[in-house]
Participant: 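My questions will all concern the structure given below.
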Amino acid sequence: LFGALKKKSLRNPANAVGAKHYKEDTPMASPFVDKVTINISAGKGGDGAVSFHREKYVAAGGPDGGDGGRGGDIIFRVDPHMNTLMDFRYKRKFTAGNGSPGGGKRCTGKDGESIILRVPAGTVIRDADTGAIMHDMSSGGDFTACRGGRGGWGNKRFATATRQTPRFAKPGLPGEAHTVLLELKL
């Protein structure tokens with residue numbers, strides 16, 4: 001019995017006793033990544049505020065709701081120190097920050113934080129659904145792939161001579177979202 005195993009293991013090292021099973025025709029995992037599909041989405045705009053001015057000696061203060069903040073953008077930037085798309089191999093979903101809602105006293109909400117994705121020079125950004133080229137990052141510079149949503153208006157913006165106390169505000173608009181394919185030209 002042991003002689004048969006020994007003869008078999010001499011012919012093929014994969015059959016040796018204690019050897020892990022693997023297929024010889026499967027390619028090894030390469031540390032070089034040249035094509036990646038990722039999901040990117042910009043932030044939602046903040047909602048407008050419904051607020052009214054209240055002060056001790058002011059009889060009719062009127063509306064003073066502030067606007068919501070803008071949502072964050074997704075920006076691609078060329079990094080000369082990168083030469084592969086390995087950073088996008090394991091993290092494939094990127095979402096920018098949402099804008100904050102407006103406040104009383106005509107306070108505008110804080111804008112959402114933008115995300116800057118660094119890619120090597122020569123990266124082509126394609127829409128994964130249609131295959132159309134969105135941008136070629138060969139020339140350098142920044143490219144905004146997804147724009148954040150605009151912030152909603154507060155009730156201060158809706159005050160008119162005939163409607164002096166609007167009790168409504170606009171919600172923030174949603175940001176853009178795409179599934180993109182990053183290809184590195186060699």
Side-chain angles (χ1 to χ4, degrees), residues 36-79 82 85 87-120 123-137 139-183:
V36 174
T37 303
I38 62 172
N39 295 317
I40 54 176
S41 60
K44 175 189 177 298
D47 296 337
V50 177
S51 175
F52 295 95
H53 185 76
R54 300 281 182 236
E55 202 171 340
K56 187 172 183 180
Y57 297 109
V58 178
D64 69 346
D67 300 340
R70 282 186 55 89
D73 299 335
I74 301 285
I75 301 168
F76 285 95
R77 181 173 290 166
V78 172
D79 189 355
M82 289 180 69
L85 295 171
D87 294 348
F88 301 103
R89 183 171 183 167
Y90 300 108
K91 183 170 172 36
R92 295 178 183 241
K93 186 175 180 182
F94 299 93
T95 305
N98 293 332
S100 298
K105 301 182 185 176
R106 295 185 219 111
C107 291
T108 302
K110 182 179 175 185
D111 291 346
E113 260 191 68
S114 296
I115 291 182
I116 297 174
L117 301 176
R118 299 186 185 283
V119 294
T123 302
V124 176
I125 303 169
R126 293 179 181 268
D127 189 351
D129 300 330
T130 63
I133 295 177
M134 293 172 69
H135 192 72
D136 188 358
M137 300 297 288
S139 61
D142 292 351
F143 169 65
T144 304
C146 290
R147 297 210 178 271
R150 288 190 356 202
W153 285 356
N155 67 339
K156 174 68 179 167
R157 295 229 188 187
F158 296 106
T160 61
T162 56
R163 182 175 54 205
Q164 295 182 357
T165 57
R167 288 180 168 79
F168 59 90
K170 271 189 161 180
L173 298 176
E176 298 175 359
H178 296 290
T179 301
V180 295
L181 177 69
L182 303 178
E183 284 184 14

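In this chain, numbering begins with 1 at the start of the sequence shown. Basis for what follows: all heavy atoms, side chains included, without hydrogens, waters or symmetry-related copies.
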Participant: Looking only at heavy atoms, what is the nearest atom pair of A49 and A169, with distance?
Facilitator: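 Smallest interatomic distance, heavy atoms only, reads O-CB, 3.8 Å.
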
Participant: Minimum heavy-atom separation for I40 and A145, please, with both atom names.
Facilitator: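 Scanning both residues, the minimum pair turns out to be CD1-CB, 3.8 Å.
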
Participant: Using the ring of each side chain (for Trp, its six-membered ring), is F158 parallel, tilted or perpendicular to W153, with breaks at 30° and 60°?
Facilitator: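 Taking W153 first and then F158, their aromatic rings sit tilted (interplane angle of 30° to 60°).
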
Participant: In the structure I gave you, are the side-chain heavy atoms of I125 and L182 within less than 4.5 Å of one another anywhere?
Facilitator: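 I125 vs L182: side chains touch.
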
Participant: Indicate yes or no: at least one non-hydrogen side-chain atom of R118 is less than 4.5 angstrom from one of D87.
Facilitator: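 No; the side chains remain at least 4.5 Å from each other.
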
Participant: Identify the two heavy atoms, one from P63 and one from K156, that lie closest to each other, and give their separation to 0.1 Å.
Facilitator: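 Closest approach of P63 to K156, heavy atoms only: O-CD, 3.3 Å.
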
Participant: If you round to the nearest 0.5 Å, how far is CZ of F143 from CG of L117?
Facilitator: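 It is 11.5 Å, given to the nearest 0.5 Å.
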
Participant: Is the backbone N or O of G172 less than 3.5 Å from a side-chain atom of D47, with the two atoms forming a donor-acceptor pair by type?
Facilitator: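 The answer is yes, because a donor-acceptor pair under 3.5 Å joins these two groups.
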
Participant: Can you list every pair that meets salt bridge (Lys or Arg N to Asp or Glu O under 4.0 Å) and has a residue in residues 98-112, with sequence neighbours left out?
Facilitator: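 Passing the test, one end in residues 98-112: no pairs.
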
Participant: By the side-chain hydrogen bond (donor to acceptor under 3.5 Å, both in side chains) test, which pairs, at least two apart or in different chains, include something from residues 49-71?
Facilitator: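 The answer is S51-D64, H53-E55, D67-R157.
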
Participant: Within a 6.0 Å radius of atom CD on E183, are there more than 12 heavy atoms belonging to other residues, nucleotides or ligands?
Facilitator: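 Counting other residues, nucleotides and ligands, CD of E183 exceeds 12 neighbours.
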
Participant: Which heavy-atom pair separates M137 from V78 by the least distance, and what is that distance?
Facilitator: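 Answer, listing the atom of M137 first, then V78: O-CG2, 3.3 Å.
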
Participant: Once rounded to the nearest 0.5 Å, what's the spacing between atom CG of L181 and atom OG1 of T37?
Facilitator: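 L181 atom CG to T37 atom OG1 measures 4.5 Å (nearest 0.5 Å).
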
Participant: Do N155 side-chain atoms and P166 backbone N/O form a donor-acceptor pair below 3.5 Å?
Facilitator: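 Yes: the side chain of N155 pairs with the backbone of P166.
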
Participant: Given 3.5 Å as the limit, does a donor-acceptor pair link the side chain of R77 with the main chain of D142, or not?
Facilitator: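 Side chain of R77 to backbone of D142: no pair is present.
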
Participant: In a table with atom names and distances, give each donor-acceptor pair under 3.5 Å that connects a side chain of residues 92-101 to protein atoms at least two apart or in another chain.
Facilitator:
from, atom 1, to, atom 2, distance (Å)
R92, NE, R89, O, 3.0
R92, NH2, R89, O, 3.2
T95, OG1, S41, OG, 3.3
N98, OD1, K44, N, 2.8

Participant: Using every non-hydrogen atom in the two residues, find where G68 and T108 come nearest and quote the distance to one decimal.
Facilitator: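 G68 and T108 have their closest heavy atoms at O-CG2, 4.2 Å.
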
Participant: H135 and F76: side chain to side chain contact (heavy atoms under 4.5 Å, CB included), yes or no, with the steps?
Facilitator: CA-CA 10 Å; H135 192 72; F76 285 95; over 6 Å; no

Participant: As an exercise, state the distance from CZ of R126 to CG of D136, rounded to the nearest 0.5 Å.
Facilitator: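 So the gap between those two atoms works out to 9.5 Å.
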
Participant: For a quick test of reading the model, state the closest non-hydrogen atom pair linking F88 to V36 and the distance between them.
Facilitator: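 For F88 versus V36, the nearest heavy atoms are O-CG1, 3.4 Å.
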
Participant: Answer yes or no: is there a donor N or O on one side and an acceptor on the other, between the side chain of D73 and the main chain of R147, under 3.5 Å?
Facilitator: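 No; judged by distance alone, with no hydrogens or angles, the pair does not exist.
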
